[in-house]
Colleague: 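Sending over a structure as structure tokens; questions will come in a sec.
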Amino acid sequence: MNTVKQKKNKKKSIWLDVWRRLRKNKMAVGGLVIIILLFLTAIFADWIAPYSYESQDLLNMFQTPSFEHWFGTDEFGRDIFSRIVYGSRISLEVGFIAVGISLIIGGSIGAIAGYYGGRLENLLMRCMDVLLAIPEILLAIAIVAALGPSIANLMIAVGISSIPGYARLVRASVMSIREQEFIEAARAAGSSDFRIIVKHILPNCMAPIIVQATIGVAIAILTAAGLSFIGLGIQPPTPEWGSMLSGGRSYIRDYPHMTLFPGIAMMVTILALNLLGDGLRDALDPKLKN
Amino acid sequence: MLKYFARRILMLIPVILGVAFIVFFLLYITPGDPARIILGDQATEESVLQLREEMGLNDPFFVRFGKYAYNLVVNQDVGKSYVTKRPVWDEIMTVFPATLKLAGSSILLALLIGIPIGIISAIKQYSIFDNVTMLFALIGISMPVFWLGLLLILLFSVKLGWLPSSGYTTLNAMILPAVALGAQSIAIITRMTRSSMLEVIRMDYIRMARSKGQDENKVVFKHALGNALIPIITIAGLQFGRLLGGAVLTESIFSIPGIGRLMVESIKMRDFPVVQGGVLFVAISFSLVNLLVDLLYAYVDPRIKSQYK
Amino acid sequence: MRKKISIFLVGVLLLVTALTGCSSAKPEAASGAESTNGSEAASGAETTPAAPAKDTLIVATGYDAKSLDPHATNDVASSNIMEQIYDTLVVLNSSNEVVGSLAEKFEVIDELTYKFYLKKGVKFHNGEELKAADVAYTFKRATSPIGGSIAHIVGDIDPEGLEIVDDYTIIVRIKTPNSAFLPSLTHKGGGVILNEKAVEAAGDAYAMNPVGTGPFKFESWAKGDQIVLTRFDEYYGEKPSFSKMVIRAIPEATNRTIELESGGVDIAYDIATNDITRIEENKDLKIIRKMANSTTYFAFNTLKAPFDDIKVRQAIEYAIDTETIVQAVWRGVGAPAVGPVPPNIKYFNNALGKPTYDVEKAKALLVEAGYPDGFTAKIWTNDKKARIDMCTIIQNQLAEIGIKTEIQVLEWGAYLEGIKNGDHEMFMVGWSTQTPDPDMSLYGPFHSSQKGKNNFSYYDNPKVDALLEEGRKLADSKERQAIYEELQTIIREEAPWIVMENSETVVGVRSNIEGFDPSPFGYHVLYNVTIK
Amino acid sequence: MAEKHLLEIKNLTIHYQTDYGTVHAVEGFNLEVGNGETLGLVGETGAGKTTTAFGIMQLLPEPAGKVVAGEIYFRGENLLGKSKTEMKKILGKQIAMIFQDPMTSLNPVMTVGAQIEEMIKLHEPGTKEEIKEKAKKMLEVVGIPAVRQDEYPHQFSGGMKQRVVIAIALSCNPMLLIADEPTTALDVTIQAQVLDLMKKLKDDFKTSMIMITHDLGVVAEICDKVAIMYGGKVVEYATKESLYTKPYHPYTVGLFNSIPDLDSEQDRLNVIDGLPPDPTDMPSGCSFHPRCPHKMPICSQKSPSKVVVGSEHHVYCYLYEQEGAL
């Protein structure tokens, strides 16, 4: 019997199964569709946006939505629709890269702690406790202040501030798998620790990580937008949704469209990610559903 | 039990020192000279140099941190504000009531609304009520708090003129910020209650209770809720802890002078002692809230209680 | 079990109500007098304020004070409070002349020596009488390291030269001749007189327990929220017509207007441009405007290429359409600036005219300077929205002559540090003339000794240095006027700065408030206002 | 027919709606339980035994599980026609249930005493003291010192917990006790103790019982009658003696063969080939036919009907239909 092949097939069928369950969840599919659309928007922003995100028209400031400017114009006469289209790039970039950062660092810490255990684990997890004790947004603010304002630093700040969550999650998953037989088998066969972690343990604790990461992207986008809203991180004329909101804030009484559209864009994005995250959780862990 | 908590409190000390170190380090590498900012942009260079010396800003990093840590541990002293010269503790205590009030009313709102709705949703799983509630809860989680705050102000302060847009001293003034800040917690607690209830309701002991011929209401409230409460308490505690330090945006939108705003302002002012003290304070409160949650656990769950003995 | 749950819930409830209850008790008591207004706001009625017996003035400002120790800080928000609490030896009258205040009269003995005769019977809020010893103590303290933030204002005073003649007479000596000395004593911060006993008694806590001789005395301060002052009944001058003043910090301009409209406040500072019409059209409200003594400018690090080339700087000046920018950003508030001296300050040189906008000329100058294809550069600004907005437009306009720029918004601390290190290229910032003399407008930003400190553009011109030093020494005269007018001309020509805008103070006031006259320095007298 | 049987189930059909389609958990199920009788309901995991029990108790998980057809007569009255309120009076008082896993069937945040008292309070109200006394007595009946009534479930071992569950179930002296694999989750030594206890109490309390199990050894020890269940149906019904003497249905035969025989020296167990049927996709005809060694063409076309093969012994299988016809 070819056990390896069987195992592979089994793995494949698990993901197929997940996909089958996910497909049945209308909300999750809706979320997925929105996210795909957002990615397309971000990739093809140059074609989609009718105007440049920075071209000003000081004669046409504060235009309300019209045929020429679907979402109106802002305080520099810039087309808000175009800015939102380009803004999707920033938000997706920040969201995914920040989560990437925290996933790589937090995941490594968690995997090492969970796999080796003992003193090392204790030390690493106490460090995580320290980070965890500081509210994410405060930590992110302090990091951005220290590193200086730029999109890259914003990603780093948001990423670092959510490391402990991933470290804990991965550690818990690794610990639950560490003692299983196939790990023992791999160990007996002389695989290196690194190989065991990467090849055998991590693939088997992907489910909770994927769910957490999906929702994590939403949280990262929110945190980043929050930082931009209080004026940290994004440099003008970058069309970041949070900074657009903050820019429109002073004009909210006269020109609410300036805050309405970026807010809707943000909410829809985050809603979509949350829907997908929820759907994935149900699909990956079907026993919770029924 | 007492011993357990004593140990937990002791274990806080390294965490606090760790937090102090991180914040100290971050502020150390933050560009900007506190002396210069305190004195204002038109101050003379001589005064700036003099003040730097006086503040000990010219010492090497580890000397400064060592002094700080020593004062923190030995004297429980977090220093004085660079700007107002008041003890940092006083600075924090003047803004803390506003934050506590905000966080408290938000979490209260979340518990009072989230738990009942979550229970109904769980009992009527897949009903219209459940679907609508869950959709709203998802929207609640997805709504950026600063956007919701602005919309609330636009509607209730500007258009309708019912509620004030700023302040925190009166009950009226608290409504909008508490709703804005609480919306997410309401959503989170509703979802948590629902899923926790659903999980518990599937348990054998619930079926067992039903098999006794017990009233369905009693099954839900007496048997299910008691067990479902445990994760709800965790999440509520976690939320409350986060609200204490993380209400920066809400405080900024509604002009509430709370800890979050104090932190942001102090970072801008490079008022390092206040930032350090404030973050420490938040971290300690957060840890204490967690401890309190553990205490509540023991109260609710006899299994955990017996572990402490 | 159920009992446990309810106990738990009730416990949480009690905890929260207890905490919020006790925390709110104090501020509520403090704002008790405004309750008539508050209820009106809640009902949304737009009728006239209720009782004529209204005895409390509520003011909304953008920033909370930092400290009420005048030597510990130099910010407008703090001065705004200190204006009501403290007095200075001398003040400016309506025609900008220095006249006595706490000092009944004063004599200029020589260019270094001034003699002040104090009014008798002036009481501090703690009951002490004002004596020459207090003045001596104040100036000694101001010139010590404690007064670092106001050293540029009163740093000229020689602490060794303070001579108490008798209880009501004091001689003050300065280190170098400076005709701007007397005007600097009018500064609400550097110039105010403290009570020795009160300061010593309070120690570090003085910042929150100020004692002055002014018409209002300090009562309470809820940090970040509001400061409450009450009328000082033993005030030596004319007593205010109302007994209590509440100054609330409301950072959001929109919120200040909303509060003003609803009657939650009587006076709101720094009204947002787009709210002006709204207030003007509201019959219960009015707008009061006054040009302020501050100038926003766009400048260069003149040490760095290509900005060390006058032609490049001039090219940029021609490329920037200040008029359009000011109109777009401020929409009718403030005015395009003419020179580095604000229009309300003496020797303002109006002949210079606004910078002209001429793209062709700008391009030609760039070619002359050897940059036919432009170059790339950074623009720094701090996080004030109006400045960011101006930079955003400038970025666009510079692109037209081939200069590609990147805007970097820095926090104030990082900004100052960058300037000090000379990391900057082009930048946007403001300068306010804090005492009514052109020396204050020009010496800091343009004298070569101030490079990296207040002279952000590292401008170094020996002729300018000489003129600035000369101008300091001279007493007001035609000669002095000529010096300052020449200085303004040179600076405009060499363009280390491109002056952008003179700001305007815009205050919203409820119609029943009379006698409010904003000050161009940003800290406004509130005690002589009357409430109808 | 009124009091002939304590419980009579006719054509019971229970479906679950899931993401994967309709699960035919119980399909055309027929069964009778007489007064004082102990019936063993035997089958593999997934055969529908527990669902049947829940169906009788009307504790099917809502809204997924539904009784689609059939009648359940208890003391002559159709339980499926009863309102919730009426059902509540029957549950616990007349029909009680013991669940499979004692680890999860006690509420972890209530003392065991309180959980027994709850049952008594519902059906035999009295003063606080009376109820407490009764609960204490029940604890002692199942062999637990009464002083432990204020302890929580986690302080008891698995066997002890199951004793508590038994105490709860029997506290109101029910007429019918449904025990769902009460010993599977326990250690082998404990299993015997608990089983002995149940046997004894069943006689003391004169309770009828449905013993759900997959263990024919348990059946041998405690039951009077046996029903073999496969694919949601009863495929064979007999007295214990009759069945153990001669099992008819190929599945039953398979079950007996798969009991390890310590005396014989066989290399491996005679397990039944193949897997239990997918309940969302039940085989047509006799649901056992894909695994049946005696499969005939007709087996996959039509469900077999009841064939009486002895007194109180019947089977659903074409093998014997033909035999009978012969």
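In what follows, every chain begins at residue 1, and chains take the letters A, B, ... in the order their sequences are listed.
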Colleague: Is it the case that over 12 heavy atoms from other parts of the model lie below 6.0 angstrom from the CZ atom of A/Phe62?
Modeller: yes
Colleague: Within the side chain of B/Trp147, is there an N or O that forms a donor-acceptor pair under 3.5 Å with the backbone of A/Ile264?
Modeller: no
Colleague: Return the option, out of B/Leu280, B/Val248, B/Ile253, with the maximum number of heavy-atom pairs under 4.5 Å with chain A.
Modeller: B/Ile253
Colleague: In terms of heavy-atom pairs under 4.5 Å, which option from B/Ile16, B/Leu249, B/Ile153 contacts chain A the most?
Modeller: B/Leu249
Colleague: Counting only heavy atoms closer than 4.5 Å, note whether A/Leu222 contacts chain B via side chain, backbone, both or neither.
Modeller: both
Colleague: In terms of heavy-atom proximity below 4.5 Å to chain B, should A/Ile215 be classed as side chain, backbone, both, or neither?
Modeller: neither
Colleague: If we check side chain to side chain contact (heavy atoms under 4.5 Å, CB included) with B/Phe146, which of these qualifies: A/Ile230, A/Leu245, A/Thr259?
Modeller: A/Leu245
Colleague: Do you know the tightest heavy-atom contact between B/Pro144 and A/Met266?
Modeller: CG-SD, 3.4 Å
Colleague: Does any backbone or side-chain atom of A/Leu227 lie under 4.5 Å from a heavy atom of chain B? Answer side chain, backbone, both or neither.
Modeller: neither
Colleague: Determine whether B/Leu138 and A/Asp278 satisfy the following criterion, side chain to side chain contact (heavy atoms under 4.5 Å, CB included), listing intermediate values before the conclusion.
Modeller: CA-CA 10 Å; B/Leu138 253 180; A/Asp278 272 15; 4.1 Å; yes
Colleague: At a 4.5 Å cut-off on heavy atoms, which part of A/Ala142 comes close to chain B: side chain, backbone, both, or neither?
Modeller: both
Colleague: Any idea which heavy atoms bring B/Leu154 and A/Arg253 closest together, and the distance?
Modeller: CD1-CA, 4.4 Å
Colleague: Return the minimal non-hydrogen interatomic distance between A/Val130 and B/Gly18, and the atom names on each side.
Modeller: CG1-C, 3.4 Å
Colleague: Determine, stepwise, if the pair A/Leu260 / B/Leu151 fulfils side chain to side chain contact (heavy atoms under 4.5 Å, CB included).
Modeller: CA-CA 8 Å; A/Leu260 204 61; B/Leu151 295 182; 4.1 Å; yes
Colleague: If you compare all heavy atoms of B/Pro31 against all heavy atoms of A/Ala145, which two are closest, and at what distance to 0.1 Å?
Modeller: CD-O, 3.7 Å
Colleague: Considering non-hydrogen atoms only, spot the tightest contact between B/Arg242 and A/Glu136 and give its length.
Modeller: NH1-N, 4.1 Å
Colleague: With only heavy atoms counted, which part of A/Leu138 is less than 4.5 Å from chain B, the side chain, the backbone, both or neither?
Modeller: side chain
Colleague: Is there side-chain contact between B/Val15 and A/Leu132, with at least one heavy-atom pair below 4.5 Å?
Modeller: no
